[in-house]
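Letters go in sequence order (proteins before strands), and every chain restarts at 1. Side chains are part of it too, since the values below use all heavy atoms of this structure and drop only hydrogens, waters and symmetry mates.
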Amino acid sequence: MSGTEAERGDGRGSGPGAPVTSAELLAVVASRELASRRAVFAGIGLPTLATELARLTVAPDIEVVYESGVCGAHPSHLPETIADAVLITGAEAVLPMPALFGSVLQGGRIDVGFLGAAQIDRWGGLNTSVIGRWDRPSVRLPGSGGAVEVMANAREVFVVMRRHTPRSFAEALDFCTTPGPERALADGVRPLGAGVTRVVTELGVLARDGVGDELRLVAVHPGVTVEQVRAATGWDLRTAGTVATVEPPGEAELRLLREEVDPRRVYLR
Amino acid sequence: MSGTEAERGDGRGSGPGAPVTSAELLAVVASRELASRRAVFAGIGLPTLATELARLTVAPDIEVVYESGVCGAHPSHLPETIADAVLITGAEAVLPMPALFGSVLQGGRIDVGFLGAAQIDRWGGLNTSVIGRWDRPSVRLPGSGGAVEVMANAREVFVVMRRHTPRSFAEALDFCTTPGPERALADGVRPLGAGVTRVVTELGVLARDGVGDELRLVAVHPGVTVEQVRAATGWDLRTAGTVATVEPPGEAELRLLREEVDPRRVYLR
Amino acid sequence: MITPHTEPGSAVERTTPGRHGPDKVTSMREAVAAFVHDGDTVSLEGFTHLIPTAAGHEIIRQGRRDLTVVRMTADIVVDQMLAAGCVSRLVSSFVGNSSAGSLGELRRRIERADPEPLAFEEYSHYGMVCRYLAGAQRLPFYPLRSYGGSDLPSVNPALRKVLSPYPGPDGEAEEIYVVPPVNPDVTVIHAQRADRRGNTQIWGLTGVQAEAVFAASRAIVVVEELVDDDVVRADPNRTAVPAHAVDAVVVAPRGAHPSFAQGYYDRDNAFYRAWPEISGDPARLREWLAEWVYGTADHAEYAAKLGEEFWAGLAVGEALSGPVDYGRRL
Amino acid sequence: MITPHTEPGSAVERTTPGRHGPDKVTSMREAVAAFVHDGDTVSLEGFTHLIPTAAGHEIIRQGRRDLTVVRMTADIVVDQMLAAGCVSRLVSSFVGNSSAGSLGELRRRIERADPEPLAFEEYSHYGMVCRYLAGAQRLPFYPLRSYGGSDLPSVNPALRKVLSPYPGPDGEAEEIYVVPPVNPDVTVIHAQRADRRGNTQIWGLTGVQAEAVFAASRAIVVVEELVDDDVVRADPNRTAVPAHAVDAVVVAPRGAHPSFAQGYYDRDNAFYRAWPEISGDPARLREWLAEWVYGTADHAEYAAKLGEEFWAGLAVGEALSGPVDYGRRL
């Protein structure tokens with residue numbers, strides 16, 4: 001419900017030697033960023049793939065907390081929504097919404113929150129409300145859901161953006177639904193987390209350190225140039241010293257993803 | 001825990017024609033005041049007797065809500081505390097404390113709250129904190145418990161005071177733990193209920209109508225004079241027009257109380 | 001003689017006759033007729049789970065107008081109520097068809113005022129939760145660590161700030177956003193089971209249903225099953241809503257479709273995926289309402305029309321909780 | 001490379017290594033040694049039900065000093081900790097021995113500073129609940145409709161007022177009292193059961209235990225029974241405290257005596273009635289501590305010393321909740 005859910009995959013198969021898809025690439029790169037993280041607040045779709053892969057690789061103690069109230073899910077099937085019945089049956093805890101949002105999220109117990117957006121700016125501010133003017137939008141988007149709360153309260157936020165275009169990586173958001181900590185500070189409200197620290201896209205990885213820092217390009221996927229990423233970004237994107245090249249998904253990662261995490265390719269479209 | 005719990009009775013028997021004890025008198029008079037009331041917030045002891053008797057007589061739909069979280073108790077035995085296990089087993093609902101105090105009590109769903117106190121003043125203010133100075137009291141009493149909340153939020157409050165003396169019916173409280181609505185208003189806080197509307201004592205019944213009204217003597221027990229009550233009261237007690245004489249407990253009331261409500265005389269000391 | 005001091009319209013007056021009566025079971029038709037009026041503020045809660053669709057459909061059938069609908073996730077049932085012309089104002093924190101695309105009518109109303117404008121109050125999820133908490137607890141406001149720097153306060157003047165009377169961690173003054181209470185005229189929830197008095201038990205995702213009921217002047221609980229008092233009393237911790245907060249109990253099995261009822265039937269994901277196409281075309285949406293809502297007398301007919309084969313596809317297997325021992329005095 | 005922005009001592013840092021580790025089961029001795037330190041603010045919650053007495057006794061055995069104890073109903077276990085010299089400050093809303101008379105040591109400390117003064121912060125029950133809520137929710141304050149006109153704010157400067165940014169029902173400005181958060185260094189609760197990771201299930205009176213745990217930097221859960229993961233996972237709605245909020249799980253059957261554990265054993269009302277006489281005489285109280293706390297190595301020895309005949313007197317019969325069906329996908 002935080003704009004991060006994906007639609008169903010088309011279910012087509014993918015052999016062990018098949019070329020790496022965009023979803024696979026994003027999931028693998030995001031999973032690596034979860035090394036040693038524990039409590040992750042995530043929606044369904046790419047975050048599901050990333051966190052499940054991380055559990056099998058770099059973050060064995062990872063726990064996904066769902067906005068719907070589920071902690072410690074042990075689903076029998078890959079969940080299709082954050083409230084899927086399979087997340088509830090067999091879970092370790094299902095909390096009422098006031099406890100989930102109040103005590104768990106706002107209480108400061110989430111290490112990483114996953115968010116998506118229609119637009120992101122250089123400070124990691126997100127728009128999930130409207131394209132155009134709020135009171136007469138050209139496109140009405142779903143709105144915040146819990147994104148405002150995830151950004152304000154998770155220790156850090158990862159954003160996965162499939163499309164990397166100047167319109168989605170915007171110099172100015174049409175509407176700032178979910179601000180980064182700089183805007184909160186300017187509004188006189190203390191930011192409690194670092195805001196967006198990682199943005200994984202089809203072109204590479206952007207990162208920022210915390211309050212006062214803007215998103216910089218830290219890595220590109222193999223075959224992608226820094227200039228390509230800068231051209232696809234609506235603001236004057238700076239780089240973090242030398243830009244690394246993302247290590248392509250390894251055989252083990254792909255095997256786990258394809259055979260263990262999402263064998264029916266629900267999200268691995 | 002609101003200062004209304006009684007200790008165990010001594011278990012001595014009482015035949016059908018036995019003289020009416022003080023506890024029986026107070027319980028019967030208080031039960032009559034509950035006519036047509038529904039949600040009652042009560043401790044254990046005399047309020048238990050009064051509400052149970054009221055259920056069998058003038059208020060068949062009465063429900064006792066306990067500060068511990070219990071709604072709609074169906075106890076197998078007379079409860080000995082507001083948290084007695086017999087109140088939980090077979091109850092209709094057991095709520096966490098934030099819901100009980102927040103949504104039920106402060107939410108405005110209680111018709112009558114029962115409170116006791118070491119001291120009461122003419123406005124129905126109550127002291128359950130100290131005798132003497134707060135910071136070096138001669139007697140440290142238990143304190144508010146939930147009494148502050150009951151007074152602020154119940155539609156009206158009944159007080160049962162076994163002893164009626166100038167020290168307990170005080171011109172000035174040693175400490176106002178639990179204020180009536182007049183004091184709340186003077187503090188700039190809107191009173192939500194009427195405060196104390198009924199005080200049942202060993203001598204008679206005092207009543208007040210609501211904000212701005214002080215407690216007046218409305219009835220005396222048979223054989224008690226208005227002057228006796230005035231002499232036992234620490235302030236210049238006024239009367240409400242003609243002072244009635246309390247109808248003595250009827251045979252049916254006594255039979256129900258002795259045979260149905262508290263046959264083991266746990267509270268009917 | 002004793003006149004309790006209550007202000008007109010104050011929440012204290014919610015303790016109305018009938019609340020504690022022993023039997024509140026009624027039909028959906030009667031419950032909606034008695035408790036949902038034109039112009040009311042109506043909360044329909046259920047976070048993906050236990051969405052009170054059957055009640056929404058009956059509100060459509062009875063032609064309610066000018067409602068303010070309060071619902072965290074305004075999804076298919078809200079789109080349907082919008083299309084039926086019941087709603088003039090929407091208060092919500094997520095206006096989308098879950099993960100399965102758009103709400104056609106809602107987008108037309110907001111993007112093009114077609115066929116008429118929709119007043120929209122936009123919150124975040126926790127902002128809505130806090131509005132219910134404030135409403136349930138009769139608080140003038142509820143504080144939350146959201147909205148700092150967001151554009152939402154610029155389009156929603158109900159989002160305001162309060163200065164904390166305590167110094168912040170750095171010793172400086174601290175400001176925090178607050179939301180106002182919401183006190184619906186009526187809240188409708190769907191639940192797995194209740195007794196005749198209205199003691200309501202919910203499991204799986206319990207969302208914000210209890211708070212939405214406590215915040216309201218009146219409450220309708222729609223259930224999959226009416227159960228004996230003993231069933232409820234065998235597990236009082238399972239009771240999310242106590243009887244004294246409930247005005248009507250309506251039995252409507254499968255009444256949460258296309259959402260799900262944990263342990264009863266699964267979510268109809270295909271319907272969610274189909275909705276963007278249905279709702280994207282006003283004519284098709286009208287036809288859908290004509291066939292499935294106006295064309296059915298009640299929810300039992302709607303459920304029967306879907307057919308037993310359909311319901312078999314949403315059937316779930318058994319996964320019983322173990323018991324706990326409440327103990328009894330010997 | 002990425003350094004999350006957190007202030008020193010901020011609540012964000014509570015997510016410390018070990019919280020999510022798979023096995024948190026340890027002995028009471030180790031849990032208290034590791035997580036309760038001299039000078040700490042220690043919350044012990046349990047409203048009449050599930051009072052963490054065994055933990056209080058181990059704190060006494062280990063000779064902790066200068067504790068600030070936070071407990072809504074400061075009753076026998078607090079009186080014992082006071083008598084053992086562990087406590088310099090008490091934060092509470094009810095300082096009495098339930099309905100069974102006085103707490104001797106507490107009264108001597110407050111009334112006569114005998115043998116030493118006790119700093120006391122007095123609240124009401126809901127004031128304490130709201131302090132835990134604010135602490136759990138990382139709020140700067142929590143509003144409540146209490147304290148207007150009370151003398152409590154005159155002796156407790158933490159009770160302050162806030163002006164609502166919304167007009168009251170009469171259109172005028174509205175003030176409301178607020179309480180500050182409490183964030184204990186450690187919270188200790190007693191529960192019926194938990195799994196090895198710390199998922200904790202409580203039934204019967206659940207009080208404010210979950211909020212007290214969420215408000216704390218560290219949490220110890222003492223249980224009647226350690227259960228298999230499957231037992232917990234068969235009923236996830238019963239989990240009051242999720243594993244990620246728990247640091248240590250201690251198994252101490254009968255550890256709530258003289259209070260009770262719903263479904264396990266009843267309350268020892270005779271001991272409550274005996275306490276005023278024991279605690280009324282400092283010498284007798286010292287003897288009691290010497291025999292029952294210092295004289296027992298741990299709670300197992302304390303419970304054994306009471307004897308099986310004694311425990312038979314508090315035994316309860318069975319009253320099983322019925323199951324609910326969570327369902328499984330077919």
Side-chain angles (χ1 to χ4, degrees), chain A residues 1 5-8 43-45 67-70 80-85 88-90 94-98 101-102 105-106 125 129 132 134-149 152-153 173 175-192, chain C residues 47-49 72-73 92-96 98-102 106-107 110-113 122-127 129-130 132-133 144-155 161 168-170 174-177 203-208 210-211 240 259-260 262-263 266-267 269 273 316 319:
Chain A
M1 292 303 193
E5 296 183 23
E7 294 100 61
R8 285 166 71 95
I44 292 293
E67 178 174 274
S68 57
V70 180
E80 297 195 31
T81 74
I82 56 164
D84 194 316
I88 286 86
T89 302
V94 177
L95 302 178
M97 206 151 266
F101 274 97
L105 180 52
Q106 190 173 279
S129 288
W134 184 85
D135 53 355
R136 194 67 185 267
S138 60
V139 182
R140 176 64 230 191
L141 302 165
S144 164
V148 168
E149 284 76 36
N153 296 299
L173 303 176
F175 185 89
C176 181
T177 315
T178 300
E182 293 79 8
R183 280 183 58 129
L185 270 174
D187 193 12
V189 172
R190 179 188 309 276
L192 289 166
Chain C
F47 190 83
T48 308
H49 184 216
M72 288 178 64
T73 54
S92 181
S93 47
F94 191 88
V95 292
S98 186
S99 54
S102 284
L106 182 135
R107 287 189 55 185
I110 291 184
E111 294 169 6
R112 307 203 304 263
E122 183 168 0
Y123 288 87
S124 61
H125 274 351
Y126 192 47
V129 169
C130 292
Y132 284 120
L133 285 166
L144 72 170
R145 293 201 179 274
S146 303
Y147 302 128
S150 170
D151 282 339
L152 285 168
S154 72
V155 298
K161 275 191 271 190
D170 57 1
E174 188 171 13
E175 280 192 309
I176 187 162
Y177 272 92
W203 57 98
L205 300 174
T206 56
V208 77
E211 290 75 14
S259 83
F260 67 109
Q262 191 82 34
D266 216 335
R267 191 172 189 259
N269 290 311
R273 287 193 296 274
V316 297

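- Contact between S146(C) and E149(A) at its shortest, heavy atoms only, is OG-OE2, 2.8 Å.
- For V129(C), the part lying near chain A is the side chain, with the backbone staying farther off; criterion is any non-hydrogen pair under 4.5 Å.
- Interface check for chain C: of the options A152(A), G102(A), G125(A), the most heavy-atom pairs under 4.5 Å are formed by G102(A).
- The aromatic rings of F101(A) and Y126(C) sit parallel, their planes meeting at an angle under 30°, below the 60° perpendicular limit.
- Closest approach of C176(A) and S150(C) over heavy atoms only: O-OG, 3.3 Å.
- For the set K161(C), E175(C), R145(C), the count of heavy-atom pairs under 4.5 angstrom toward chain A peaks at R145(C).
- Counting heavy-atom pairs closer than 4.5 Å to chain A, the top-ranked of the candidates C130(C), G148(C), G127(C) is G148(C).
- Of the listed residues H49(C), E122(C), M72(C), R107(C), the one with more heavy-atom pairs under 4.5 angstrom with chain A than any other is E122(C).
- With a 4.5 angstrom heavy-atom cutoff, L144(C) touches chain A via backbone and side-chain atoms both.
- With a 4.5 Å cut-off on non-hydrogen atoms, Q262(C) touches chain A through its side chain but not through its backbone.
- Contact between Y147(C) and V148(A) at its shortest, heavy atoms only, is N-CG1, 3.5 Å.
- With hydrogens and angles ignored, the 3.5 Å screen pairs no side-chain donor or acceptor of S93(C) with any backbone N or O of G145(A).
- Only the backbone of L141(A) comes within contact range of chain C, judged by heavy atoms closer than 4.5 Å.
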- Please test E67(A) against T48(C) for side-chain contact (heavy atoms from CB on, under 4.5 Å), starting from the C-alpha separation and ending with a verdict. CA-CA 11 Å; E67(A) 178 174 274; T48(C) 308; over 6 Å; no

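- In terms of non-hydrogen atom pairs under 4.5 Å with chain C, the most contact-rich of V139(A), V189(A), T178(A), L173(A) is V139(A).
- Heavy-atom minimum distance, L205(C) versus A83(A): CD1-CB, 3.3 Å.
- Residue G204(C) comes nearest to I88(A) through the heavy atom pair CA-CG2, 3.7 Å, listed as atom of the first residue, atom of the second, then distance.
- Contacts between A186(A) and chain C at a heavy-atom distance below 4.5 Å are absent for every atom of the residue.
- Only the side chain of L133(C) comes within less than 4.5 Å of a heavy atom in chain A; its backbone stays farther off.
- For chain C, the option among P181(A), G132(A), S129(A), G180(A) with the highest count of heavy-atom pairs below 4.5 Å is S129(A).
- In this structure, the portions of T89(A) lying under 4.5 Å from any heavy atom of chain C include both its backbone and its side chain.
- Inter-residue side-chain proximity for P96(A) and E211(C) is flagged as unmet; no heavy-atom pair is nearer than 4.5 Å.
- Heavy atoms only, all atoms of each residue included: F47(C) and I82(A) are closest at CE2-CD1, 3.9 Å.
- Between the CZ atom of R140(A) and the CD1 atom of I110(C) there is a distance of 5.5 Å, given to the nearest 0.5 Å.
- Interface check for chain A: of the options G96(C), A210(C), S124(C), the most heavy-atom pairs under 4.5 Å are formed by S124(C).
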